[in-house]
Amino acid sequence: MNLGVEIGAGLRLKNPLLVASGTFGYGVESAAFVDLASLGGIVTKGLYLTPRGGNEVPRIVETPSGLLNAIGLQGVGVHAFVRELLPRLSAHDTAILVNVCGDSVDEYAEVARVLGAVPGVAGLEINISCPNVKKGGLAFGSDPGMTHQVVRAVREATRLPVIPKLSPNVTDITVFARACEEAGADALSCVNTVLALSVDVERRRPKLAFGTGGLSGPAIRPLAVRLAWQAARAVKIPVIGIGGIASAEDALEFLIVGCRAFQVGTANFADPGVHGKILAGLEDYLHRHRFTDINQVVGSLEYPGLPGRQQPP
Amino acid sequence: MNLGVEIGAGLRLKNPLLVASGTFGYGVESAAFVDLASLGGIVTKGLYLTPRGGNEVPRIVETPSGLLNAIGLQGVGVHAFVRELLPRLSAHDTAILVNVCGDSVDEYAEVARVLGAVPGVAGLEINISCPNVKKGGLAFGSDPGMTHQVVRAVREATRLPVIPKLSPNVTDITVFARACEEAGADALSCVNTVLALSVDVERRRPKLAFGTGGLSGPAIRPLAVRLAWQAARAVKIPVIGIGGIASAEDALEFLIVGCRAFQVGTANFADPGVHGKILAGLEDYLHRHRFTDINQVVGSLEYPGLPGRQQPP
Amino acid sequence: MNLAAPLVARKDLPGPYAVLEFRHPPVAAEARAGQFVMLKAEAALAPLLRRPFSIMTVDREAGTFSVFLKTVGPGSRALAQLTVGEMAACLGPLGRPFSPPPAGREPLLIAGGFGIAPFHLFSEELRAQGQKPRVFYGGRTAADLVLGEPFDALGVPLTPATDDGSLGAKGLVTGAVEAYLEETHRPAAFYACGPHPMLRAVARLAQERGCPAQVSLDPWMGCGMGTCLGCVVRIQRPGEASPAWRCACTEGPVFDSREVVWEARP
Amino acid sequence: MNLAAPLVARKDLPGPYAVLEFRHPPVAAEARAGQFVMLKAEAALAPLLRRPFSIMTVDREAGTFSVFLKTVGPGSRALAQLTVGEMAACLGPLGRPFSPPPAGREPLLIAGGFGIAPFHLFSEELRAQGQKPRVFYGGRTAADLVLGEPFDALGVPLTPATDDGSLGAKGLVTGAVEAYLEETHRPAAFYACGPHPMLRAVARLAQERGCPAQVSLDPWMGCGMGTCLGCVVRIQRPGEASPAWRCACTEGPVFDSREVVWEARP
Ligand SMILES: Cc1cc2nc3c(=O)[nH]c(=O)nc-3n(C[C@H](O)[C@H](O)[C@H](O)COP(=O)(O)OP(=O)(O)OC[C@H]3O[C@@H](n4cnc5c(N)ncnc54)[C@H](O)[C@@H]3O)c2cc1C
Ligand SMILES: Cc1cc2nc3c(=O)[nH]c(=O)nc-3n(C[C@H](O)[C@H](O)[C@H](O)COP(=O)(O)OP(=O)(O)OC[C@H]3O[C@@H](n4cnc5c(N)ncnc54)[C@H](O)[C@@H]3O)c2cc1C
Ligand SMILES: Cc1cc2nc3c(=O)[nH]c(=O)nc-3n(C[C@H](O)[C@H](O)[C@H](O)COP(=O)(O)O)c2cc1C
Ligand SMILES: Cc1cc2nc3c(=O)[nH]c(=O)nc-3n(C[C@H](O)[C@H](O)[C@H](O)COP(=O)(O)O)c2cc1C
Ligand code: FES
Ligand code: FES
């Protein structure tokens, strides 16, 4: 039974499960609790050129079936990552993708250049959709022109697979998906967190020190599945589904609507053993439905009024 | 202690609690379970000029802390409403707002004209944001120009308070809020359901017969609070907060970010007694915080980096 | 009536089944067979909505009623985990009950799985009217037929049927009904509650035999009050030009089988 | 280690308090005082994340450990409702433990409310090292001080203090500590666990008296593994140019009070 997938530009994963950026640190933190080699891949916490402090606390609050966060891209910076963390991480047999951030188009490109020059990086996820920083982030991801610029700049800066991460906070995600494809993206990650606000009514202040935050977790899954489905139908490059995945069934929703792979985020916090459960669940599903290859499930959605099931190439 | 509020064009409510369109039928259905006179107001199920059958079943499915629906605006049509239901509804001492739908700008205007010509209607909520119909609905609500057209046409067709209902499925809700204000809206309802998709992985089909649906319930509250907050800061007209309200605390989030009133939707299904609990909770809150008037709470949010608390006029 | 109803007694049955008794005087006083309640374990944060359950028995003096619960998912599980004294949010009685058979027709109550529930109360009502109901109780296997005894106690004859023949006649419950009709040749009135395919089979049989049938449908229900429009079923009423969506919660769950548009359901 | 840990015993205490004992051999074997576990009632659908709880006692033979639980919201409530045999998802042991006092200093363990929990195991550890710990246990009122007895059993002297004077000295627990220092003039080492204001007061007292203090902070924790970055606290380490965010879950929860930037917390 084959669980292996390809997510563009020859980037092969042993299975379609990646851990989502910002929910698994730099990978090394969880090595004590999770067998990293069992993962299809790891997407690191977002990295800028230089270290970042991140936002004040409180940074995280729970909402109904969701998690609202405004960490603010605290990170060690790309150079420290390459120097200290990447070597340790490379010791594990899994694909390492780096989540690339920038305050400017140039910074994105520069971070990409640094990562393209060292061994051990399998691909770059371009974070143009973080709602928790004052500059960059969402600003790039909610304007198709800016999106195109950033992706194009990164594309020209590296030969590594380039995977822009789209924002759910847009009217029409297909516009952004196509802008990325045109700019030379190899795949798309759908989606980042939903811009949201939770109020402490006793103090009449936002619950998060930053104010607004990004909503994640099962609460956003139906929204994320819709967005991943629309994006997958709009472009030819592979789409990686993200949003509220905590079980094999959740992951299958994304695969069935057309995603080649998926990322597990908030669920990593709730249960470090979630990956094994999801992968076992996928194998069981393939078995029960007499599939031999996970790729047979990809895009198998039968949607009312739409021409039959899409099949992957 | 005053719970009374005004939501534009002299439309006064005895309290800020309205029941949301499509979650309370035409009001009369629930009269057996709910004292309608205890409500600030009722927003009816969406009405077109003519009766509508609505979508195939299944029409509703639960998601984590949410409800996904694609009813498809099944309704008796405005004429039957005026003839048979409005008289019965008018017997109850509460404000009656009608949710106005249309396949075309003209239909919106015509429905408004019909309702403007009869006694007993306190205001019109213009549904430009229903994700569950093939024509109209969301199409009008996700294009600022169309939004302006519809609102303007309705504005010209009636003297009743005109309250466009905004969609959450947009990049920048303030653009739509301002378009409505410019077109002569008296208030805004924020927000309708979130366009979403839930997949039956065993059958590899959408769980809803219609395909996509509208997500409601506590899952969307942090998103809805953010949108209502942005809309309230963008316009001078009153904003009515909607999304996942099931308790006084939930309602207070919307009031504190600047909403003059709020609507309870999905929670009506979960607990027909929810209204009494919310209103009692609001009084208790005012008491504990030494407020004498609910309007003192409106816009009292202290947001990091923003000029102090906004106060209502 | 919408009340917090304390669980006053529970009886765990084999498999996923249990009988739960709640105190809710209005339901106990007014409930008629075929009606249902919308229930939710109060403490449970999830799922969001209440779930519909048929009223199985009522104790008018004690002001209590019972439901026959099969655990299938989060809502039923949360109820199944209630301990005596804990509360359920309970709205009811809801919906249209079964109506008595036309004179001279023998009431045959045809149940599949948890569809047996409403026939307990219905048997009591019919006996009180001097009728002699007879129950046909179908399931996949013997393990699904856990609610037989109460009917012996009521003195109501019960014919079990299982797909695998592990208890009673082998095959569909409608087969057992046909056999009975062949044997007695008495005019009958069907009452059916159970899975959709069974209801359809009963409707077909009723048509063949030219006898009336009342079926209790179980679409997904979100509110029980006629406001969510999630529970609609296609009904073709005599004299109406075309079929119309009708709320199973307010105009049903019991319908005349001839009015149900059976194709509509996926 | 991440395991499903069955509840093996529970003791309900007055008010919102209870002691829960879980079977989790790795925690029982490795846990040191000041470390914690991330716990969640397995069946509970909500809340989403696990919650941090200090390890109060361990039974290395039985492979069990206990926590002292105060019910304050959904996560703790779901745990409080566990019945023996039910499972909790449990990750641990996590975090940095308390370290023993410098030679010649008397360990004074200063607790507020549920902050008493880690000092049970810590007292055992210190006694095993031949130290004579002394506990100061503060709360609003007598009803908050429900965990005194175990320390008598351990032969560890415990001085209660309550804001309202209903038990022990009236006023803040730090007042009782000061009184004790006045009376004994012995060099001491402070260990503090409890509400933030109390920890700050202890830090201040430690500074005045020039004695070391280890404080167990309780920021909001989302994962316990150093990956969510939700639990960060501002720490100024000697030799570092400026304060840095450090994860309380991996570099704490126990910190040297002099390194904590007390202003940072809203
Ligand atoms: C009028 C009526 C009477 C019923 N009487 C009984 C009874 O006496 N005993 C009994 O055990 N069950 C009864 N049911 C079925 C019961 O309502 C469902 O089993 C229950 O809602 C399942 O909810 P869940 O959360 O446990 O499972 P879910 O995971 O929510 O669903 C499991 C299955 O139940 C179906 N279902 C879920 N919610 C509903 C709903 N609100 N309405 C109808 N079906 C639903 C789903 O489609 C799915 O197939 C009745 C249903 C109706 C409509
Ligand atoms: C290292 C550490 C050790 C702890 N040890 C104990 C203990 O031994 N006994 C005990 O009763 N409690 C202990 N707590 C506190 C306990 O974690 C919280 O009371 C619990 O998380 C509340 O969750 P809830 O869902 O019940 O309440 P919620 O409604 O979630 O929150 C209620 C209050 O608890 C706070 N809180 C919520 N979640 C967390 C979290 N994940 N981390 C920290 N605070 C939170 C909230 O800010 C709020 O003020 C400890 C906390 C930490 C950080
Ligand atoms: C605490 C936290 C931190 C995150 N940090 C990042 C980040 O640095 N870069 C990024 O692209 N996404 C980040 N995300 C978004 C996740 O990668 C993911 O897109 C989102 O959480 C939705 O998936 P989920 O519902 O499975 O969590 C973060 C999410 C959370 C909860
Ligand atoms: C079953 C259902 C039907 C609805 N029908 C309508 C409608 O006819 N017109 C409309 O404007 N909104 C409709 N809505 C949206 C609600 O009015 C409300 O905006 C949305 O549900 C968010 O609020 P809530 O989270 O409190 O439910 C409907 C919502 C639900 C759940
Ligand atoms: S269950 Fe809501 S309308 Fe029938
Ligand atoms: S609790 Fe998640 S990083 Fe510390």
Side-chain angles (χ1 to χ4, degrees), chain B residues 19-34 42 44-46 51-76 200 203 205 207-209 213 216-219 244 246 265-274 276, chain C residues 1-5 26 30 37-42 44-52 73-75 87-95 196 217-235 241-251 261 263-266:
Chain B
V19 287
S21 180
T23 66
F24 209 72
Y26 301 107
V28 293
E29 299 87 341
S30 307
F33 309 104
V34 181
I42 293 171
T44 69
K45 176 73 183 158
R52 292 298 187 104
N55 296 328
E56 278 299 328
V57 292
R59 292 173 164 191
I60 291 193
V61 60
E62 263 190 72
T63 64
S65 299
L67 181 64
L68 190 64
N69 92 84
I71 304 302
L73 296 174
Q74 171 179 341
V76 298
D200 177 338
R203 294 163 66 234
R205 295 222 210 118
K207 285 184 175 171
L208 298 180
S216 64
T266 301
N268 293 312
F269 303 149
D271 179 9
V274 70
Chain C
M1 269 286 280
N2 182 41
L3 292 177
E30 301 153 26
V37 290
M38 294 294 289
L39 277 179
K40 182 181 192 292
E42 272 224 320
L45 291 159
L48 204 55
L49 301 179
R50 303 182 186 192
R51 300 291 192 242
M87 294 288 174
C90 177
L91 178 70
L94 301 167
H196 202 72
L217 303 178
D218 76 329
W220 195 92
M221 290 187 174
C223 72
M225 298 175 280
T227 52
C228 77
L229 303 183
C231 68
V232 294
V233 289
R234 272 206 198 285
I235 297 296
S242 61
W245 288 118
R246 297 190 177 273
C247 288
C249 66
T250 51
E251 306 198 36
V261 182
E263 295 68 42
R265 172 97 166 233

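Throughout, protein chains are lettered first and strands after them, A, B, ... in sequence-line order, and every chain is numbered starting at 1. Values reported hereafter were calculated over all heavy atoms of this structure, with side chains retained and with hydrogens, waters and symmetry mates removed.
The two residues Thr44(B) and Ser21(B) come nearest to each other via the heavy atoms O-OG, 2.6 Å.
Counting heavy atoms from C-beta on, the side chains of Thr227(C) and Thr23(B) never come closer than 4.5 Å. When side chains are defined from C-beta on, Pro58(B) does not count as touching Trp220(C), because their heavy atoms never get closer than 4.5 Å.
When each of Gly273(B), Gly27(B), Gly53(B), Ser30(B) is scored by its heavy-atom pairs under 4.5 Å with chain C, the top score falls to Gly53(B). Chain B forms more heavy-atom pairs under 4.5 Å with one residue of Ala244(C), Pro47(C), Pro74(C), Ala46(C) than with any other, namely Pro47(C).
Heavy-atom distances place the side chain of Leu94(C), and not its backbone, under 4.5 Å from chain B. If you measure heavy-atom distances from Leu91(C) to chain B, the contacts under 4.5 Å come from the side chain alone. Heavy atoms of Phe33(B) lying under 4.5 Å from chain C belong exclusively to its side chain.
Using a 4.0 Å cut-off between charged side-chain N and carboxylate O, Lys207(B) and Glu62(B) make no salt bridge.
Here Arg50(C) pairs with Asp271(B) under the salt bridge (charged side-chain N to carboxylate O under 4.0 Å, His left out) rule; sequence neighbours left out.
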